[in-house]
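First up is the structure itself, then whatever we jot down about it.
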Amino acid sequence: MSGKVIGVLALQGAFIEHVNHLERCVDLNGGSYGQAVSVITVRTKEELWKCDGLVIPGGESTAMSLIAQRTGFYPDLYEFVHNKDKKIWGTCAGLIFISDVLANENTLVKTLELLHVKVKRNAFGRQAQSFTQECDFSGFIPGCTDFPATFIRAPVIEEILDSEDVKVLYRLEREGSPQNGLVVAVKQGDNVLATSFHPELAETDLRFHDWFIREFILK
Ligand SMILES: NC(=O)CC[C@H](N)C(=O)O
């Protein structure tokens, strides 16, 4: 099949927002992608193996992990994300689900052991402590100085376990945060991206998803 296929894992959580954002990118910018890009939801292994990349959305990592195990989907997911030719992006619960080690609340989450980091779940507190903060991502997304990043019961990356392979993309500064900020976006090798926040909730702002398509899917 010609062109690239992006899958959005649809077992649980905020997958439809990712699908909408990716489809809008293709509608608006597809002409400059140089090849066809299509977007599908993924619930089965047949759908999964059609994909060149997989977005693992926010939601509840406990539920996502349990559903993957109970439906027998976990082994294929594990194999897929560990294939270095596949481009993987975990947001929020998705970040938790792909990480190696959880610092807390870890009993019910069997992770995919892909991203070499230690993650703290619900690092900013409960739902009521959710927030949107304008972030300067121009260090990795050219010209993107003012992205509205939404954090909902978000995790933070407490420790990078393999500093050769994992590069910090963004450190968030919040009141009370350590001097050099909280790690909320990383890249591992050239095929894995993880963000604590939800770019798919930035209503009309497609810059993050467009960057993901160009820098990961099309490379
Ligand atoms: N918005 C989210 O994805 C929240 C993640 C959730 N707190 C978890 O631990 O899985």
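One-based numbering along the sequence shown. Counting starts at 1 for both ligands and their atoms, following the listed order.
Separating the CG atom in Leu102 from the NZ atom in Lys118 is a distance of 10.5 Å, to the nearest 0.5 Å.
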Between ligand 1 and the protein, give all atom pairs where both partners are nitrogen or oxygen and the distance is under 3.5 Å, as lines of names plus distance to 0.1 Å.
unit_1: ligand 1; atom_1: 1 (N); unit_2: Ile152; atom_2: O; d: 3.0
unit_1: ligand 1; atom_1: 1 (N); unit_2: His198; atom_2: NE2; d: 2.9
unit_1: ligand 1; atom_1: 3 (O); unit_2: Gly59; atom_2: N; d: 2.8
unit_1: ligand 1; atom_1: 3 (O); unit_2: Gly59; atom_2: O; d: 3.1
unit_1: ligand 1; atom_1: 3 (O); unit_2: Ala93; atom_2: N; d: 3.0
unit_1: ligand 1; atom_1: 7 (N); unit_2: Asn122; atom_2: OD1; d: 2.6
unit_1: ligand 1; atom_1: 7 (N); unit_2: Arg153; atom_2: O; d: 2.9
unit_1: ligand 1; atom_1: 7 (N); unit_2: Arg153; atom_2: NH1; d: 3.2
unit_1: ligand 1; atom_1: 9 (O); unit_2: Arg121; atom_2: NE; d: 2.7
unit_1: ligand 1; atom_1: 9 (O); unit_2: Arg121; atom_2: NH2; d: 2.9
unit_1: ligand 1; atom_1: 10 (O); unit_2: Ser61; atom_2: N; d: 2.7
unit_1: ligand 1; atom_1: 10 (O); unit_2: Ser61; atom_2: OG; d: 2.7

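The closest side-chain donor-acceptor pair between Ser65 and Arg70, if any, does not fall under 3.5 angstrom. Between the side chains of Ser99 and His116, no donor-acceptor pair of N or O atoms lies under 3.5 Å.
Pairs of residues two or more places apart, or lying in two chains, that qualify as ring pair (Phe, Tyr, Trp, His ring centres under 6.0 Å) and include a residue from residues 145-165 are Phe124-Phe151, Phe131-Phe151, Phe137-Phe147, Phe147-Phe208, Phe151-Phe197. Residue pairs meeting the side chain to side chain donor-acceptor pair (under 3.5 Å) criterion with at least one partner in residues 166-188, sequence neighbours excluded, are Gln133-Arg174. Residue pairs meeting the ring pair (Phe, Tyr, Trp, His ring centres under 6.0 Å) criterion with at least one partner in residues 19-47, sequence neighbours excluded, are His21-His209.
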